[in-house]
Amino acid sequence: MKLLPSRLSFSVVRLSLAGAFAAAALSGCYIVPLQTPPPQVPSQQLFPVATMPMAAPQTMVTPLPMVAPTFTARLYPANAEAVMYGTITGTVTNDMNGRGYFNATIAGEQFQGESTRQAGSSQRSGIANASGTRGGMLSCRYTMNSATLGSGTCVLNNGPAFTMHIG
């Protein structure tokens, strides 16, 4: 009966080795990825998909507001009374509807008024009137030679006369 214990011990050793081998094999290091790769997208679909036509995106165009053009008006002395004032610079702002706004400073007096195209004219002639901050009045007649250039005459209420160039 001596064979039995050695056979038993041989089986126990064998079983222990198998268990140790299995434990060693299963207790190894595991590699765990920190970032998962993006999913693979097949280059072609395996089944047909019905698509609906989409309308083209529509863009909304907002018109820009019109900018009223402003022109320089230069008044040059045309008589002896106007020489003391020298050359005067003013502005005319066209509202694009046959009217405009006229501004000038003469001898420290600020003149403000309107300019209007004359009815029945070739739409090139007009008048401009302005009143001053000290009671003066300026009356002008002008003719536009183009959309941006014109000429005319201006007279102050106390007699000085000027030749006017616009543009």
Can a donor-acceptor pair be found, under 3.5 Å and without considering hydrogens, that links the side chain of Asn94 to the backbone of Phe71? no
How are the rings of Tyr85 and Phe162 set relative to one another: parallel (under 30°), tilted (30 to 60°) or perpendicular (over 60°)? tilted
d(Ile166 CD1, Thr91 OG1) to nearest 0.5 Å is 11.0 Å
Output for pair (Leu149 CG, Thr143 OG1), nearest 0.5 Å, gives 13.0 Å
For Gly159 and Val155, which heavy atoms make the closest approach, and how far apart are they? O-CG1, 4.5 Å
Of all heavy-atom pairs linking Ala82 and Ala161, the shortest is CB-O, 3.1 Å
Tell me the closest heavy-atom pair linking Gly136 and Asn157, and the distance in Å. CA-OD1, 3.8 Å
Please report the interatomic distance CZ(Arg74) to OG1(Thr163), rounded to the nearest 0.5 Å. 12.0 Å
Restricting to non-hydrogen atoms, name the atom on Thr105 and the atom on Ile88 that form the minimum distance, rounded to 0.1 Å. O-CG2, 3.5 Å
Roughly how far, to the nearest 0.5 Å, is OH of Tyr76 from OG1 of Thr89? 7.5 Å
Heavy-atom donor-acceptor pair, Glu109 side chain to Gly135 backbone, under 3.5 Å: yes
Joint hydrophobic cluster, Met84 plus Leu156, side-chain heavy atoms closer than 4.5 Å: yes
Under 4.5 Å between side-chain heavy atoms, counting indirect links through other Ile/Leu/Val/Met/Phe/Trp/Tyr residues: same cluster for Met164 and Ile127 or not? no
Side chain of Arg99, backbone of Arg117: donor and acceptor closer than 3.5 Å? no
The reported gap from OG in Ser151 to NE2 in His165 (rounded to nearest 0.5 angstrom) is 6.5 Å
Using a 4.5 Å cut-off on heavy atoms from C-beta on, say whether the side chain of Asn103 contacts that of Gln110. yes
What one should report as the nearest heavy-atom pair of Ser115 and Tyr142 is CB-OH, 4.0 Å
Quick one: does Phe102's side chain get under 4.5 Å of Glu114's, heavy atoms only? no
